[in-house]
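For reference, the structure is listed below as structure tokens.
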Amino acid sequence: MDTIIERYEIDDPDHAVMEKAGEILRKGGLVAFPTETVYGLGGDALNPDASRKIYAAKGRPSDNPLIVHIADMNAFRMISKDVPDKAVKLAERFWPGPLTMVVGKSDAVPYETTGGLDTVAVRMPSHPVAYELIRSSGVLIAAPSANTSGRPSPTRAAHVIDDLSGKIDMIIDGGPADIGLESSIIDITGDVPTILRPGYITKEMFEEVLGRVEIDKALLSDKEDPDLKPKAPGMKYRHYAPKGELTIIEGDRVKVSETIRKLVYDNKAENLKSAVIICDEDTNLYDLPDGIMVVNIGSIYHEEQIASNLYAVLRHMDDEDIDRIYSESFEGSGIGMAVMNRLLKAAGHKIIRVS
Ligand code: TXA
Ligand code: MG
């Protein structure tokens, strides 16, 4: 299939692009579009065939449910069994924005979209292109991240083109995604709301609105523990992974740099290509041999920079055919928790602790 690729300028919108995208969605086709978190691969959430096409294009297991993107509260009422008070409060505070809520689903939502579950994940995105696409098409848009299953989520149109060109009808290029990590997911179907995927909206921010909130225990363990099954089906897959083997080195910053230097030299002796991911503050610690890629991912004091660069950096490692990747640890509060959650998954939980 030929994929239409169109640039859409927010300041100078080309209405013909939106009209074309809307027409494709209404006919059951697929359109990738930017959101404030990552690019999404959209199809009509209420059309089971469109959902099936999404799974096929991504190579995604069909038990991994999709998020339904909406542009107004009426749509929320239409697709959920009921809208709990907690949902109204969260919507008032964080929508439109990088928040996904899991609620009971109504009969309007096909099981193809929810991966067979009786719950549905719902999000109202704030990105003007995403918002305008839902509004003007009149379609509720089921959209997973627009990557091939298992690859890092796309934060720019070029990433989507790499993964999905020729497999979907259209890609709208609206520039880089701002936040760079997927939305926070919170399940509000139980007594205590539970965070299923950490993101830009943190536990503290949820607690300000809801009181007590828990974090899915499977997310807190830094080991891959087969007994702890994440409640969001997608979180169980080894996701976000670069092709090269990624290891996180954690501990005293000088010792970390010494450990990485040794590993890099060992790899060089074996003719393996290494790369290193470090924060801005540590650049002076890494005096490595020529040809070793050292990527400065942003300041440890500005975790949002690290979040927005992470996936592009991991994809860059693939482009450069890196065999072994070493990353400093960026433990922190706020969105730092989401950064470490994604980095640990990308590393398949491989950590070396030095002290
Ligand atoms: O920021 C985002 O949320 C992006 C943009 C495009 O909106 N979308 C996204 O979708 O990250 P995806 O499909 O890559 O991740 C959806 C996650 C998966 O981990 C899935 O298992 C979980 O949401 N999920 C969806 N429906 C669920 C449900 N009913 N119960 C529990 N988890 C659910
Ligand atoms: Mg995804």
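Numbering starts at 1 and runs along the sequence shown. Keep in mind that what you see is a predicted model, and the values were worked out from it rather than measured. In each ligand, atom 1 is the first atom listed, and ligand 1 is the first ligand listed.
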Does K273 reach the side chain of R324, with side-chain heavy atoms less than 4.5 Å apart? no

Is Y39 close to ligand 1, meaning an N/O of one under 3.5 Å from an N/O of the other? no

Would you say S145 has any N or O atom under 3.5 Å from an N or O of ligand 1, going by distance alone? yes

State, yes or no, whether a side-chain contact exists between V122 and I67 at a heavy-atom distance under 4.5 Å. no

Is it true that, when you exclude D107 itself, more than 12 heavy atoms of the residues, nucleotides or ligands shown sit nearer than 6.0 Å to its CG? no

Below a 4.0 angstrom heavy-atom separation, can you tell me which part of T119, side chain or backbone, both or neither, approaches ligand 1? both

Does any N or O atom in K58 lie less than 3.5 angstrom from one in ligand 1, N or O only? no

For ligand 1, is there an N or O atom under 3.5 Å from any N or O atom of R60? yes

Is there a side-chain contact between K86 and M101 (heavy atoms, below 4.5 Å)? no

Option from R60, R156, R151 for which salt bridge (charged side-chain N to carboxylate O under 4.0 Å, His left out) with D163 holds: R151

Do any of the N, O or S atoms of S153 sit under 2.8 Å from the Mg ion (ligand 2)? no

For ligand 1, is any non-hydrogen atom under 4.0 Å from L196's backbone (N, CA, C, O), its side chain (CB onward), both, or neither? side chain

Any heavy atom of P144 under 4.0 Å from ligand 1? The part involved is both

Of T259, N267, T247, which meets side chain to side chain donor-acceptor pair (under 3.5 Å) against Y326? N267

Does the N or O separation between K231 and ligand 1 drop below 3.5 Å for any pair? no

